[in-house]
S.K.: 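Sharing a structure with you now.
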There are 2 protein chains.
Amino acid sequence: MFELDIRSRQPIYEQLVEKMKELIIHEVWKPNEQLPSVRLLAKELTINPNTIQKAYRELEHQGYIYSILGKGSFVAPQSPSVNHEKAETIKQQIFKLLCEALYIGMAKEDLLALVEKAEQTVKGEEKR
Amino acid sequence: MFELDIRSRQPIYEQLVEKMKELIIHEVWKPNEQLPSVRLLAKELTINPNTIQKAYRELEHQGYIYSILGKGSFVAPQSPSVNHEKAETIKQQIFKLLCEALYIGMAKEDLLALVEKAEQTVKGEEKR
DNA sequence: CCAACTGTACTAATTATTATAATACAGTTA
DNA sequence: TAACTGTATTATAATAATTAGTACAGTTGG
């Protein structure tokens, strides 16, 4: 289900958070869909349950999933509320990367095209 | 000269690499300008010289600076050659962040504007 | 020529973080 | 009630970041 690089310098739980965010953002995992349990996923990936839980805790903190004691963890039905602070952080990260891309010679048109491509693959906010 | 967050989970040398890349990309540090020496900068920032050198080594590896034994370290006169692999990596990083930005509700227009803004603040490739 | 600067390299010790392991407790459900 | 869920805690091992100290090599101005 996931391709994890154990020997990567990036922590396993961070890799998990990133991959799961992608699945949710691109609606491979639908709203309110149940996620694999901590223990089951740990067994499948042959890593420690604590590592999975750490990823789930982070995803819940960021508003991508919600957990109910005894029932399970589920995809949050709505996108995380537009935290202004969070939005500003992402904006800065994107800007930094855009500058770097332009500096090493990427074409502005290619970057504009990236925005278009992203918009087509991301679930929009139907209601808001 | 730099604001470093010692207690950040992000390693000091990575923070240094990022900040210096910004200075170079936005031409605050001009081509062939000499960088502060490893030992001097270490004293100013009250961190270990080895940490500075690690950052310089990484910057040289990425093509942003060059070092000459006995003379010093200098800003590379040309942007790093457009490594295709490197460009692809950055593209993926940008795409991932763009998707996340759209998902949490940022407007497509704001993201397009970011590209324009970046283009205006980055030194273009005059000769190539 | 030489003192004082530059980059570079190496080893050792310390600290922080990551990941594992082993439990334990609480809530849900068939 | 058994078997599943999330959650929490403690201890341990492994890895990475950082500091510290030392050393060597090349450059340069006096």
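Chain naming here is simple, since letters A, B, ... match the order of the sequence lines and numbering starts at 1 in each.
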S.K.: Could you tell me the separation between the CD atom of B:E116 and the CG atom of A:L111, rounded to the nearest 0.5 Å?
M.R.: 10.5 Å
S.K.: Which helical stems does DNA chain C take part in, if a stem means at least 3 consecutive Watson-Crick or G-U pairs with both distances below 3.5 Å?
M.R.: C:1-30 with D:1-30
S.K.: Hey, can you pull the residues of residues 59-74 of chain B with a non-hydrogen atom under 4.0 angstrom from DNA chain D?
M.R.: B:L69, B:G70, B:K71
S.K.: Between A:Q34 and A:R7, which residue's closest nucleotide on DNA chain D lies nearer the 5′ terminus?
M.R.: A:Q34
S.K.: Just verifying a value: how many Å separate A:Q92 CD and B:L114 CG, rounded to the nearest 0.5 Å?
M.R.: 10.0 Å
S.K.: Using a 4.0 Å cut-off on heavy atoms, which residues in residues 38-51 of chain A reach DNA chain C? List them by number, or say none.
M.R.: A:R39, A:I47, A:N48, A:N50, A:T51
S.K.: Testing B:K21, B:K117, B:E119, B:H26 for side-chain contact (heavy atoms from CB on, under 4.5 Å) with A:C99, which one passes?
M.R.: B:H26
S.K.: Could you state the CG-P distance from B:L4 to D:dA17, rounded to the nearest angstrom?
M.R.: 16 Å
S.K.: Please step through side chain to side chain contact (heavy atoms under 4.5 Å, CB included) for the pair B:L16 and B:L45, ending with a clear verdict.
M.R.: CA-CA 11 Å; B:L16 277 171; B:L45 301 178; 4.0 Å; yes
S.K.: Taking all atoms of both residues into account, what is the closest heavy-atom pair of B:S73 and B:Y56, and its distance?
M.R.: OG-CD2, 3.6 Å
S.K.: Answer yes if the side chains of A:Q15 and A:E3 hold a donor-acceptor pair under 3.5 Å, and no otherwise.
M.R.: no
S.K.: Supply the atom-to-atom distance A:K108 NZ to A:L102 CG, rounded to the nearest 0.5 angstrom.
M.R.: 9.0 Å
S.K.: Round to the nearest Å and state the distance from A:Q10 atom CD to D:dA16 atom P.
M.R.: 14 Å
S.K.: Shoot me the first and last contacting nucleotide of DNA chain C against chain B, ordered 5' to 3', at under 4.0 angstrom to non-hydrogen atoms.
M.R.: C:dT6 to C:dC10
S.K.: Nearest-Å distance, CD (B:Q53) to P (D:dA17)?
M.R.: 15 Å
S.K.: Flag the pair B:K19 / B:E22 as yes when at least one side-chain heavy-atom distance between them is below 4.5 Å, and no otherwise.
M.R.: no
S.K.: Could you list the residues that satisfy ring-ring contact (aromatic ring centres under 6.0 Å, His included) with A:Y64, not counting sequence neighbours?
M.R.: B:Y103
S.K.: Passes side chain to side chain contact (heavy atoms under 4.5 Å, CB included), A:I94 versus A:L98? Steps please.
M.R.: CA-CA 6 Å; A:I94 294 175; A:L98 287 173; 3.7 Å; yes
S.K.: Taking NZ, NE, NH1 and NH2 as the nitrogens, is one of them in A:E14 or A:R9 under 4.0 Å from a carboxylate oxygen of the other?
M.R.: no
S.K.: Apart from B:I68 itself, what residues make up its hydrophobic cluster when side-chain heavy atoms of I, L, V, M, F, W and Y under 4.5 Å apart count as a link, directly or indirectly?
M.R.: B:Y66, B:F74
S.K.: Separation of B:K54 atom NZ from D:dT18 atom C1', in whole Å?
M.R.: 9 Å
S.K.: For B:P77 and B:P31, work out which heavy atoms get closest and say how close.
M.R.: CA-CB, 3.7 Å
